[in-house]
Amino acid sequence: QVQLVESGGGLVQTGGSLRLSCAASGRTLSNNAMGWFRQAPGKEREFVAAISWSSGRTYYADSVKGRFTISRDNAKNSVSLQMNNLKPDDTAVYYCAADASVARVRSTPSYWGQGTQVTVSS
């Protein structure tokens with residue numbers, strides 16, 4: 001089994017920054033991609049960012065490109081999401097996801113974290 005645990009959510013003002021972290025545990029050898037999704041009240045869950053574990057290539061939704069940065073920590077087997085210049089529209093529960101490829105992560109990931117709340121006040 002693979003377990004994903006998110007941390008780092010909180011309350012910030014518009015223009016502030018947060019750094020989310022997702023730690024993977026268990027048998028993670030088959031997971032070659034990890035990413036982040038978010039879901040706001042009344043809205044569908046949407047893709048935010050993903051990273052290929054093998055190549056390091058990153059992918060971003062247009063709404064966050066230039067503001068958010070996804071990165072990996074091989075030693076800790078974790079992925080982070082640095083969020084800068086936050087906006088009220090970024091308010092959502094953020095979920096970590098993992099699967100065998102970026103394509104699978106972006107569609108129907110096999111593994112999900114429990115989510116962490118990010119609230120941006122105006």
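Just so you know, these numbers come straight off a predicted model, no measurement behind them.
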* **Residue pairs fulfilling disulfide (SG to SG under 2.5 Å) with at least one residue in residues 41-88, sequence neighbours excluded** => none
* **Test item: Thr14 and Pro88 side chains (from C-beta on) under 4.5 Å apart, heavy atoms** => yes
* Please indicate whether Gln3 has more than 12 foreign heavy atoms, meaning atoms of other residues, nucleotides or ligands, lying under 6.0 Å from its CD. => no
* With the side chain counted from C-beta on, respond yes when Phe68 and Leu86 share a heavy-atom pair under 4.5 Å apart, and no when they do not. => yes
* Structure fact -> For residues 39-71, the disulfide (SG to SG under 2.5 Å) pairs (sequence neighbours left out) are none
* To do: Look only at the side chain of Tyr60 and the backbone of Ile70, and say whether a donor-acceptor pair between them is shorter than 3.5 Å.
  => yes
* Structure fact -> Gln117 and Ala92 have their tightest heavy-atom pair at NE2-O, 3.4 Å
* Answer yes if Val102 and Met34 sit in the same cluster of Ile, Leu, Val, Met, Phe, Trp and Tyr residues linked by side chain heavy atoms under 4.5 Å apart, and no otherwise. => no
* Which pairs count as side chain to side chain donor-acceptor pair (under 3.5 Å) when at least one residue sits in residues 84-98, sequence neighbours excluded? -> Ser17-Asn84, Arg38-Asp90, Arg38-Tyr94, Arg67-Asp90, Gln82-Asn84
* To do: Go through the structure and list residues passing side-chain contact (heavy atoms from CB on, under 4.5 Å) with Ser107, not counting sequence neighbours.
  => none
* Can you name the closest pair of heavy atoms from Ala33 and Ser101 and give their distance? -> CB-C, 3.3 Å
* Co-membership, hydrophobic cluster, residues Leu20 and Tyr59, 4.5 Å side-chain -> no
* Under a single-linkage definition using a 4.5 Å side-chain heavy-atom cutoff for Ile, Leu, Val, Met, Phe, Trp and Tyr, are Val79 and Leu81 assigned to the same hydrophobic cluster? -> yes
* Asked: What pair of heavy atoms forms the shortest contact from Leu4 to Ala24, and how long is it?
  -> CD2-CB, 3.7 Å
* Asked: Which pairs pass disulfide (SG to SG under 2.5 Å) with one or both residues in residues 77-109, sequence neighbours excluded?
  -> Cys22-Cys96
* ring pair (Phe, Tyr, Trp, His ring centres under 6.0 Å) partners of Phe37, counting only residues at least two apart -> Phe47, Trp112
* To do: State whether a side-chain donor-acceptor pair under 3.5 Å links Asp99 with Ser110.
  => yes
* Asked: Does Arg57 CZ have over 12 foreign heavy atoms under 6.0 Å away?
  -> no
* To do: Check the hydrophobic clustering (I, L, V, M, F, W, Y; side-chain heavy atoms under 4.5 Å; chains of links allowed) and say if Val93 and Val64 are grouped together.
  => no
* Structure fact -> Value for CD (Gln13) from OG (Ser122), rounded to nearest 0.5 Å, stands at 9.5 Å
* Hey, does the side chain of Gln114 reach the backbone of Glu6 with a donor-acceptor pair shorter than 3.5 angstrom? -> yes
